[in-house]
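We name chains A, B, ... by the order of the sequence lines, and we start the count at 1 in each one. This one's a predicted model, so the numbers in the text were calculated from it and none came from an experiment. Note that these values count all heavy atoms, side chains included, but never hydrogens, waters or copies made by symmetry.
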Amino acid sequence: MTAETTTIAAPTLTTKEPSSLYKDAIRHLIQKKSAVLGMVILLALALVAAFAPVIAPFDPEQQLIGVEKGIKKRSAPCIHMLGCPADQPQHIFGVDANFRDFFSRVVYGARLSLTVGFAAVTIAIITGTILGAVAGFLGGWVDNVIMRLMDVFLAFPALILAIAIVTVLGPGLINALLAISIVTIPAYARVIRSSVLGVKEQDFILADYALGVPPMRILFRDVLPNAITPLIVQGTLGIGTAIVEVAALSFLGLGAQPPTPEWGLMVSAERNQVFTAPHLVFIPGLAIMLVVLGFNLLGDGLQDALNPRLNRR
Amino acid sequence: MTEYIVRRVVLAVPVLIGILFATFALARVIPGDPCRAVLGERATDEICDAFMERNGLNEPIPIQFGIYLKQIVIDRDLGESFRFGRPVIDIIVERLPVTVELAISAMIFATILGVILGVVSAYWHNSAIDVATMIGANIGISIPVFVLGLLLQYVFALLLKDTFLQLPPSGRLTSGISNPPFFEVWGWSVDPETSLYSFVSFIANLNIINALITANWTALGDALKHLILPAVAVGTIPLAIIARITRSALLEVLSLDYIRTARAKGLAEVVVVFRHGLSNALLPVVTIVGLQLGYLLAGAVLTETIFNLAGLGRTLFEAITARDYIIVQGFTLIIAVGFVFINLIVDISYAFLDPRIRLS
C-alpha cells in the first residue's frame, strides 16, 4: 500500500486590506476635485507663510522712504517683467501709504491669518469639547446648566458678542482671537454633546459600566474618541470663519494694531482710498477670501468623505 | 399645535432671563469710568460723584440689577443715553428701521435668487449652470462682507460711473430729496410724548414704506437705489448658503419614488418640480432663512460702516467703543430678543410645514 501523496495547491486568496473610516475618507477626499483644490490653496498659503522671510523682498514694517530713491506712497504695482520701466523700483503689489512694500506685507499676513485661525479654533474646540462632552455624558442638571448657558451665548450674533468681549479685554490681535474663540465655543459644545449622546448608549459603553470602569475614564478613553468625527468637519470650516471674523475685528480697529501686517487691518487702513488706490484694498481682501475658500472647500470635501452613509458611485 | 407653540414659548423664557443678565453684566464689565467717558476727562470728582449718584451707579450690583429689571420689565424704559442726552428708545426708533430695511431687503434678495439658483442647479444637475452656480456659491461664502462691500462700491460707483448702472456708494437718500413722514403728510397730529408717536415714527423711518404710502416716487426710487449695494453685500453669504441648501434638498427629494410616480402619471414638469418637489424640500431652507436673519444683524455692523448708514449695528459699535453702556444694554437686548423671537418663529413655522414635528 503505497500512499499516494497528492499535493493540493493552496487556493490563492485575495484579501482586501481592512480599511478604516479615515483611510476610506482620505481616498474619497482625493477623488473630489474641489477638496483637492482647497488643499492646494491651503498648501500654497502654508508654504508662503512658512517661507515668508525668503519670499518677501523687504521687512513688512520697514518704511522705504529715504531708503529707496523715487518711491511714491500708494504707487501702483510695478513689475519689471510686465513692462514697468527699469528705472523705477520693483514693487509687485505696489507701495502702501507709509512707503512700505505691499507685497512683503501681504506675504507676512499669511502667517498671521493662518496662525490666528488655527489658534482660535483650537482653543474653541478644546473648551467646547470639554463642556459638550461633560454635558452630554453626565446629563441631568449639569447638562441643563451648561446648555442653557450656551443658548444665551447663541442668542447674540457672533460678531456683536465678539466686539463686546474685545471691548472688555481691550483691543489687540490676541484678544480678538480669544473673543472669536469664546464666541464659537457653543457651536462645538453642541456638536460634541449630540455626538456623545449617541455614543454613550452603545453596547461597548454599557460593557464598561458593567466592568466598573470609572465614569471619567469611560468618557475620555471610550466615548470621546468615538464621538469626535463631526468635529473634524466643523473645525475645518471653523478655521475659515475664525479668520474672517478676526479680520473683521481688525477692520473695525479692535484686532491687530498698526503697523502689524494683518489683512483685515490693511483693508481698513486704505478703505477711504478705495477709489484712488484700489490695489491696497483688494489684494489683502482677496487674500482673506482665498484662505477662507481653501478651508471651505476642504471642509465640504471632508463632510462628504467622512459620512459613511452617503451614497457613493 | 397650541401645546407645541406654548412649549416653545416657555422654553424661550430662561434664555430671555439669561440675556437680561448678560446685557446687564456686559455693560458693567466694560472697563473705564462711565462718568468721564460721558462728561470728558476733565470732569472733577464732585461732578462725577453727583453723576454716579443720579444714575444709580453707586448702588451695590444686585440692587443695580434689580433697578434694571424693574425699568425694563415694568416701566418698559431702556434708560437714557449719556452721550446723546436722549432716551435709548428714541434712538432705537430712529436707527432700527435702517437695519430692518437693510436686513429685509437683503433677505428677499437672497431667498428669491437663492431658491431660483438652487432649483435650476438641482434640476440641471451637473450641467454647466450647476457647476457655475456652485463655484459662485463657494466664492460668495468665502468673501468677507467688508471686502465685498468695498468691491461693489468700486464697481458701481466708480467703474460704472455715468452709465445707467451707476449706484450711489453710501447714505440712504441723496441730499436735497426729502421724504417727509407720512403722518405729517396726512396731517395727523401725534403727541411726541406718546408711544404711538414712537410707533409711527418707526414706520416713517422705514424710507421705502414711507415713500410708498405717501406716493413720493422720487424718494422711493432714490431710497431703493441707495439700498441695492448694501443689501447685495449683506445678502451674498445667505444667498450662497440658500442656493446650496435648496440644491441639495431638492436633489434628494427629486430622486424619491413618488416623484417618479408623479412623472409617470404624466404631470407637467413644472408641477412635479415645484408642487411635489420643492414644497417638500423647503424645510431646511426655512431653517436657514431664519438663522441667517440673525447673522444679517451682525453683518450689518460691517456693512453699515462701509456704506455710512446710521443703523443698529453701527450705533452699537460706536456705543461700545465710547462706553455708552446704556445704549449697549438697550441695543444688545433688542438684538438678542429679536434673535430669540426669530428662532421661535422658525420653530413654529416648522410645525406648519411638517406635520411630523407637530404631532410628535
Side-chain angles (χ1 to χ4, degrees), chain A residues 34 37-38 144 148-171 183 237 240-241 243-245 247-248 251-254 263-264 267-268 270-272 274-276 278 281-282 284-297 300 311, chain B residues 11-12 14-23 26-27 29-32 134-135 138-139 141-151 153-154 157-159 169 237 244 255 294-302 305-306 312-313 316-317 320-321 323 328 331-332 335-340 343:
Chain A
S34 58
L37 178 64
N144 256 322
R148 289 299 81 75
L149 192 70
M150 297 292 116
D151 283 349
V152 172
F153 264 78
L154 286 171
F156 296 94
L159 188 65
I160 291 186
L161 190 56
I163 292 174
I165 295 173
V166 180
T167 319
V168 173
L169 300 174
V183 168
L237 294 169
T241 318
I243 290 176
V244 180
E245 293 194 332
F251 178 81
L252 291 170
L254 297 171
W263 290 338
V267 174
S268 146
E270 300 293 345
R271 77 179 177 90
N272 291 327
V274 66
F275 288 172
T276 52
V281 172
F282 295 131
L286 291 178
I288 303 174
M289 194 198 89
L290 201 63
V291 65
V292 177
L293 184 65
F295 282 109
N296 283 347
L297 291 176
D300 285 348
N311 192 13
Chain B
L11 272 177
V15 176
L16 287 175
I17 294 173
I19 290 169
L20 276 171
F21 186 73
T23 50
L26 189 70
V29 291
I30 290 178
M134 286 306 113
I135 291 176
N138 265 316
I139 292 177
I141 288 179
S142 306
I143 191 164
V145 174
F146 54 95
V147 175
L148 181 62
L150 290 165
L151 193 64
Q153 283 184 339
Y154 183 71
L158 188 77
L159 295 187
I237 289 181
R244 283 170 55 156
S255 69
Y295 295 113
L296 286 186
L297 288 175
V301 180
L302 296 162
T305 305
I306 288 168
L312 205 63
L316 179 60
F317 171 65
I320 290 178
T321 41
R323 290 186 226 113
V328 175
F331 276 53
T332 36
I335 292 177
V337 171
F339 213 28
V340 171
N343 283 336

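- Smallest separation of non-hydrogen atoms from B/Y154 and A/P278: OH-CG, 3.3 Å.
- Using a 4.5 Å cut-off between heavy atoms, B/L148 does not touch chain A at all.
- For B/V15, the parts lying under 4.5 angstrom from a heavy atom of chain A are both the backbone and the side chain.
- B/F146 and A/V244 make their closest contact through CE2-O, 4.4 Å (heavy atoms, listed as atom of the first residue, atom of the second, distance).
- Nearest heavy atoms, B/L302 versus A/F251: CD2-CD2, 3.8 Å.
- Using a 4.5 Å heavy-atom threshold, the side chains of B/R244 and A/D300 count as touching.
- Note on A/A248, A/G240, A/S34, A/P171: by heavy-atom pairs under 4.5 Å with chain B, the leading option is A/A248.
- Looking at heavy atoms from C-beta onward, A/L254 lies in side-chain contact with B/F317 at the 4.5 angstrom threshold.
- Of the atoms belonging to A/F275, heavy atoms from both backbone and side chain fall under 4.5 Å from chain B.
- Between chain B and the residues A/T241, A/N296, A/I243, the largest count of heavy-atom pairs under 4.5 Å involves A/N296.
- Note on B/I135, B/V340, B/N138: by heavy-atom pairs under 4.5 Å with chain A, the leading option is B/N138.
- Note: A/L161 CG to B/I335 CD1 = 11.0 Å, rounded to the nearest 0.5 Å.
- Looking only at side-chain heavy atoms (C-beta outward), A/V281 and B/V147 stay at 4.5 Å or farther from each other.
- Closest of all the heavy-atom pairs between A/M289 and B/I143 is CG-CA, 3.6 Å.
- At a 4.5 Å heavy-atom cutoff, A/I165 makes no contact with chain B through either its backbone or its side chain.
- Proximity to chain A (any heavy atom under 4.5 Å) is restricted, for B/L316, to the side chain, taken from C-beta onward.
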Output a table of donor-acceptor pairs, distance under 3.5 Å, between side-chain atoms of residues 148-158 of chain A and any protein atom two or more places apart or on a different chain; print 'none' if there are none.
residue: A/R148; atom: NE; partner: A/D151; partner atom: OD2; Å: 3.0
residue: A/R148; atom: NH1; partner: A/N144; partner atom: OD1; Å: 3.0
residue: A/R148; atom: NH2; partner: A/D151; partner atom: OD2; Å: 3.2
residue: A/D151; atom: OD1; partner: A/R190; partner atom: NH2; Å: 2.8

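- When heavy atoms are compared at a cutoff of 4.5 Å, A/A162 does not approach chain B at all.
- Of the atoms belonging to B/I306, heavy atoms from both backbone and side chain fall under 4.5 Å from chain A.
- The OG atom of B/S142 lies 12.0 Å from the CD1 atom of A/I288; values are rounded to the nearest 0.5 Å.
- The side-chain heavy atoms of A/F282 and B/L150, taken from C-beta on, include a pair separated by under 4.5 Å.
- When all heavy atoms of B/P144 and A/G285 are compared, the pair lying nearest together is CD-O, 4.4 Å.
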